[in-house]
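Below is one structure, written out as structure tokens; comments come after it.
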Amino acid sequence: MNLLDSLNNKQKEAVENLDGPMLVLAGAGSGKTKVLTTKVAYLLDNRNISPENILAITFTNKAAKEMKERIYKLVGNRAFLIQISTFHSFGLKLLKENYKYLGYDSNFTILDSDDSLSVIKKVMKELDIDSNKYNYRAIRNVISNNKNEMVDPIEYHKFVHNDFDEVAEKVYLEYEKSLKRSNAIDFDDLLILPLKLFNENIDILKKYQEKYKYVFIDEYQDTNTPQYLLSKMICNKYKNITVVGDNDQAIFTWRGANYKNILNFEKDYKDSKVVILDENYRSTKNILKAANNVIRNNKIRKEKNLWTENEDGKLISYYKAFDEKDESNFVVKEIKKKISEGVNPNDICVLYRANAQSRTLEESFLSNNISYRIVGSYAFYNRKEIKDLISYLKLIHNEKDDVSLLRVINYPKRGIGNKTIENLNIIARSNNTSLFESISSGKELEFKKIIEELKKDKDKMSLTDFIDLVLIKSGIKKDLEEEKTLEADIRLENLEEFKSITKSFEENEGLTGLDDFLDELSLVSDVSDTKNDSLEEKITLMTMHAVKGLEFDYVFVVGFEEGIFPHNNSMDSSEDLEEERRLCYVAITRAKKQLYLINARSRLLFGKVSSNIPSRFINEIGMDMLDEIKKEGLFSLNKKIDKEKMMTDNDLSVGDLIVHEKYGSGVVINIEGVIATISFTKSGVKKLLKNHKAIKKVGTYEES
């Protein structure tokens, strides 16, 4: 079949334009992955180039795997010669091939966020910095943010203005030294060090520019500064770069993404071609109209209007709940109805703005015996026994890894106390060596011998068999077996489950060595669990951020209230508010057949009860687009009682509707003494004197 036969005209235009810079603005459900993968295949079939000259980058391991599978179906085995990966995987590849230019040994360790935190705690202790006064997580964030803005510890000195900055500067400097001594890098370094490599070694940069003549980047709106610079450096010679993305789905600025990269693409590449994919193949006309109505309120965007040949479909179902329990009960009731009609639970998703909102939902699901999965939980890899085992593996791989050594040197207990470890630290720092190299006697020497023996054994057997050997020789297995508790049995089961991961890597990825396995493991940042339960029929619960890239027939969005969505933290910034609106656009466009929006008049969240007005996004969608579902029975009674109570109280109370001379209409969401916290429709949340003459009570929220 001709590669272009299944494409619409705009998709064909994007695929056939092979040379020079191209921006593909791809709306939700418009087939962007199809365009990108087809273009790679079309390039191979219409240009006399090797697949090794192509670099295709995306943001998650899952997306990279899907891209590789799609390209394989189009071009066969040639797909395996293309560099298809995440930015971090690509950065690791560059470091593995050029580590000596950066002063590392080939067996360097990659620290995860917990490991980085451990190093920072250790450094602060060595520098005698009070962690109660200076929060180590805040310092870790400062270090990470500076790395991602390309600011090293020396340059950071220019930005030091107060005590906290001075402490962060000292820790940053020692943190980097500690990593170098341990032959270790953190996750940020996977992007920073390749840039350092290229800036300091022009010949190496030229080699990779020649190698990757054609560059493809998916989700370009999510690139941060190092990712943006890395892609720009690689394609600077030939400028054959195709980026695919949607500025209306840029929802990750809080973690460093800069959506302005996609808005500025045409400035960066003067001769660029732009193709807009606006035909949606996913949703009904009414769902798309709701999404378009919301997003057009954003000012900083490139204009496009999603459309579809699909049916009109139902209006948006809208339910005003009494409180968070009524909200959850409504969701459960509607889901039960769908399942009774034959809908597969896998086709239903419930979305919320903050993880804390899931608690009441989970309680309702459990009490109604409805199976569910929460996406975005990394619990398996964070379990103590799994982190202990991984630390053993990391230390066997790289004996200079101080973080891993400190975690397991006395696990299982060997009688190695804090005093011994403190002495090792002193020796290591004075000799500028690792802790492992500083061990020369005592019980710690017995531990050192175990690691050295395992190091010799690691290449003599399969990875799965080696895991068994580590569990035995380290004493972990014996220690848990002798404990004879249910908790110990569960931990042993989890360690057995870990072997299913190594087995899968060996069989599916063709990996045999510990080195390769640890590299892969360090990059698995989007794994929710080890077990694939996609075949099990369960309702999916997740945050709006986590749902990006997914789609479901039926989508419920809860907490559609001012202060929750849009989030309170976004009220004082027009840019933050626009990001919340983009998040709303993403949530709406996940639905294929039917969308439910739910808000509550009163909500217990974070230990406080508040009354919230409906989200401004409800009005932006348009009341003509909503099919409001009326309440029943008990709720009507509650409404009557609350109304009588409110009308007998002339003072301001939570739930009162007011008009302010300056800020306009709003609702009282909290009262503390003489101070009223009021959420205004247009001005956000304000704290004001409740008896101020500018405030006029006009009713209660129950009447509205």
Inset, instruction - Could you tell me which residues satisfy side-chain contact (heavy atoms from CB on, under 4.5 Å) with Ile300, sequence neighbours excluded, listed by chain and number? - result: Tyr259, Leu263, Glu575, Glu578
Inset, instruction - Test Lys394 against every option in Asn107, Asp115, Leu521 by the side-chain contact (heavy atoms from CB on, under 4.5 Å) rule and name the one that passes. - result: Asp115
Inset, instruction - Would you verify whether the NZ or CZ of Arg255 falls within 45 degrees of the ring axis of Phe252 while also being under 6.0 Å from that six-membered ring's centre? - result: yes
Legend entry - Sub-6.0 Å ring centroid separation between Tyr208 and Phe90: no
Inset, instruction - Only counting residues at least two apart or in another chain, list the ones meeting salt bridge (Lys or Arg N to Asp or Glu O under 4.0 Å) with Glu266. - result: Lys302
Legend entry - With sequence neighbours excluded, residues passing salt bridge (Lys or Arg N to Asp or Glu O under 4.0 Å) with Lys289: none
Legend entry - Between Phe59 and Phe87, ring centroids under 6.0 Å: yes
Legend entry - Non-neighbouring partners of Asp268 that pass salt bridge (Lys or Arg N to Asp or Glu O under 4.0 Å), sequence neighbours left out: Lys232
Inset, instruction - Could you label the plane-to-plane angle of the Trp254 and His545 rings as parallel, tilted or perpendicular, counting under 30° as parallel and over 60° as perpendicular? - result: perpendicular
Legend entry - Selection residues 193-202 - residue pairs positive for salt bridge (charged side-chain N to carboxylate O under 4.0 Å, His left out), sequence neighbours left out: Lys196-Glu200
Legend entry - Set of residues satisfying salt bridge (Lys or Arg N to Asp or Glu O under 4.0 Å) with respect to Glu69, sequence neighbours excluded: none
Inset, instruction - Just say parallel, tilted or perpendicular for the rings of Tyr72 and Phe80, cut-offs at 30° and 60°. - result: tilted
Legend entry - Student check: side-chain heavy atoms of Arg353 and Leu583 closer than 4.5 Å: yes
